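Residue numbering restarts at 1 for every chain, and letters A, B, ... go by the order of the sequence lines. The structure presented is a predicted model; accordingly, all values stated were derived computationally and were not measured.
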Number of protein chains: 2
Amino acid sequence: MIIDRNSPIPQYFQLQRWLVEQLEQGVFKANDKIPTEAELVQMTGLARATIRQAVQNLVNLGYLVRKRKLGTFVLDKAEESENQTIVGMLLPDIRAGYAPELARGAEDEASKNKQSIILCNTDDLFLKAEFHADRLIDNNVAGVIFVPTAASDEKNKYIVEKFTNKNIPVVLADREIPGHSIDLVTTDNFKGAYTLTENLIKQGHKKIAITLSTLFSTERQRLEGYKQALSDNGIKIDSNLIMTHDGLYAEKYYTEIAHKLFKQKKKFTAIFAGHDRIAYLINSVAMDLGIGIPDDISLVGYDDLNPSYHNQLDLSTMHQPIYEMGIESMKLINSRIRGDKSKAKSIVLESHLVERSSVFPIKGEVKKE
Amino acid sequence: MIIDRNSPIPQYFQLQRWLVEQLEQGVFKANDKIPTEAELVQMTGLARATIRQAVQNLVNLGYLVRKRKLGTFVLDKAEESENQTIVGMLLPDIRAGYAPELARGAEDEASKNKQSIILCNTDDLFLKAEFHADRLIDNNVAGVIFVPTAASDEKNKYIVEKFTNKNIPVVLADREIPGHSIDLVTTDNFKGAYTLTENLIKQGHKKIAITLSTLFSTERQRLEGYKQALSDNGIKIDSNLIMTHDGLYAEKYYTEIAHKLFKQKKKFTAIFAGHDRIAYLINSVAMDLGIGIPDDISLVGYDDLNPSYHNQLDLSTMHQPIYEMGIESMKLINSRIRGDKSKAKSIVLESHLVERSSVFPIKGEVKKE
DNA sequence: AATTGTTATTTGTATAGACAATTATACTAA
DNA sequence: TTAGTATAATTGTCTATACAAATAACAATT
């Protein structure tokens, strides 16, 4: 029996639930006609007004459409809702680093599905991320692409859970949250840094300085790759050459670090900058100090940002497919929006070395493959 | 009388309209209790079920809340709707030129009001702008910030009208649509180019080449400013030194143009690049050709993009307050969203000259102020 | 002072029946 | 063939009535 007249649950609501069940089980399919009100009266024994109340609610909820004289029909939920969704995107700063490229990749993929992206700048701060998260939830975003902030893993997890608690899927882009299994699209920063460092070693460099921030999983992994490459090549790790700091990227910091490094110039022949922006900054400090790159010191970066803009430096670097990262993040979030409940995925994209002219091979020391 | 029983308009709908009218006229104010169903039965002579139908619709539409035993109350529409709005932003490419800075300014101002921004890349193409416009309308944006595309004025107007026909206000950012009076936030490109050109003249340059696209109002105005400055200083305009093209920005074009220019090197001493990206490209062509800037040729740009990134060139340029342009665009669209019906405004922000070292003063020719 | 019970008020759910409006379809007339 | 017309099916609007459920406010009890 469809309706239990002794239940405390309102009968119109019982009917409503039953109808939704039929829809979800595919008994009534998209564009099908459901039984007429008269038929439902027969089937349930309810008054027509009660039937109408249930059906009206489902019309309001977007499950059904009524057509005069024709009957009541099932709306194609997928068509109506899967498109036209809005996806939130939380990234550090749309002006800086790889963010524009990432946003563009995501937006291009979104456009294909007639989706839209709401863009939020976190400046890598937990509080801003939280603020934007609440707004995105209020705006009923269907999913979120999140570049974790510089805050602790717990705090980043907290942001993710704000969404997942409301059944809004989240995909992390670029940076992971260690110890938590969440969908992720990134590159292999360990491997990339390993390759980059090994390339320096092959060109005869043994004393390689590195400078980066420890706040982000990506840069920490690059540090590990660097260390491993040194170890594997029998080079002792010199902690004086590892200049980490635990703050956000700021010109002031890295200018200081660059100065400190150059003061002990004789101790190293190459610098591994944590990312391209650091590399460009180091280059400009070097110019100020009259140090030539690559003549005096070799320099590599990581990211391969917009090389056309600052091709005066001609930086050797590890190219990350940022645009593709945006696309893949969007594809993954879409599969979650469509209801893919499988366990968390990590999509790891391939980086590749881009050799330009900021590395000077040390004569007589170049190893052959 | 509230209800006209002879009208063909359903009585529940008449009542509904009457209630909305009362709400809008402030007869029932926010958080007020409206008459009970019993009272409305008395007032209208309708059956309670009909009353309920009208009230239920208004509950669904978010005008009212029902509270058992207490009555039915007016929701504070303003609180619910004025904030939480979404503003659309149509710009050429979030990766390129001033777009990131503009987007960030707009987003920061939006955040203050708990608004969100949907970002769309038009690539300066009419068809993409149209596609995104439809999506923005579907997403019920409350307003739109639009950087006109490279298409004709009529086509850009058509995009604007798509929105205004649906009562969605539009603010143009940076570029205007000549001949159409629409809210605009920009800088004075004529004056800026005039100042920039005059500065070159003061430093002894008389033969100044210029290269830019004629597709955008901004660049056309810069050309006019350049011409006027030459005329006012008694310098004849040499059409051989004006290299315009009527396509979108593309490295290929400007590389060609730069090569053409440098072939007739002796005819000029300075180049006015239509914007910074062109300037950086010209610089890199010059480097390839072994031409020194500023030693052989002086170079100025327009925009003052991210100078920290490519400070090898140290470009003299006209600084445009792009971030502020984003903020002001957002403020203006918000005043329209809040219902400001006054006539179209043009907000013109101040640019200023940034003198760096890409201009070489020609000895003995420098004029004094 | 705190708890429990009662009452009146108001919205919530439900029935049975009537007529109106709309429109796909079939039929009819030009 | 086309245009108009009737008809039947179906949803849309409306009435009158009844009882249920929730709860603020008050009263009674402990």
Counting only side-chain N and O atoms of B:Gln56, is one of them less than 4.0 Å from OP1 or OP2 of C:dT11? no
If you look at every strand shown and take non-hydrogen atoms under 4.0 Å, does A:Phe13 touch a base, only sugar-phosphate, or nothing? nothing
If we count only N and O atoms by modelled type, under 3.5 Å, do the side chains of B:Arg66 and B:Thr72 hold a donor and an acceptor together? no
Taking atom types as modelled, find out whether B:Thr50 and B:Gln11 have a side-chain donor-acceptor pair closer than 3.5 angstrom. no
So B:Trp18 and B:Phe28, would you call those rings parallel, tilted or perpendicular, with 30° and 60° as cut-offs? perpendicular
Please check the phosphate of D:dT13 (OP1 and OP2 only) for any side-chain N or O of B:Thr50 closer than 4.0 Å. no
Minimum-distance nucleotide (side-chain atoms of B:Leu70 versus D:dG12, D:dA24, D:dT10): D:dA24
Does D:dA22 have its OP1 or OP2 closer than 4.0 Å to a side-chain nitrogen or oxygen of B:Lys67? no
What's the CG-P distance between B:Leu15 and D:dC14, to the nearest Å? 10 Å
Calculate the interatomic distance between B:Arg52 atom CZ and D:dT13 atom C1'; express it in whole Å. 16 Å
Does A:Thr72 make a side-chain N or O approach to OP1 or OP2 of D:dT10 shorter than 4.0 Å? no
Can you check the B:Leu40 CG to C:dT11 C1' distance for me, whole Å? 13 Å
To the nearest 0.5 Å, what is the distance between CD1 on A:Ile159 and CG on A:Leu136? 10.5 Å
OP1 or OP2 of C:dG12 sitting under 4.0 Å from any side-chain N/O of B:Arg66? yes
Could you give me the CA-CA distance, side-chain angles and deciding distance for B:Glu109 and B:Asn334, then say whether side chain to side chain donor-acceptor pair (under 3.5 Å) is met? CA-CA 10 Å; B:Glu109 179 62 26; B:Asn334 273 338; 5.1 Å; no
With a 4.0 Å limit, can you tell me whether B:Arg48 has a side-chain N or O closer than that to the phosphate oxygens OP1/OP2 of D:dA16? no
Nucleotide nearest A:Arg68 when distance is taken to its side chain, options C:dT22, D:dT15, C:dT11: C:dT22
In this structure, how many angstroms lie between the P atom of C:dT9 and the CD atom of B:Glu39, rounded? 12 Å
Over how many whole Å does the gap from B:Ile34 atom CD1 to C:dT9 atom P extend? 19 Å
Separation of C:dG17 C1' from A:Leu46 CG (nearest whole Å): 16 Å
Among D:dT13, C:dA24, C:dT15, find the nucleotide with the atom closest to the side chain of A:Ala47. C:dT15
May I have the distance from A:Glu37 (atom CD) to C:dT15 (atom P), rounded to whole angstrom? 14 Å
To the nearest angstrom, the CD1-C1' distance between B:Ile51 and D:dT13 comes to 14 Å
Within the pair A:Gln11 and C:dT13, is there a side-chain N or O less than 4.0 Å away from OP1 or OP2? no
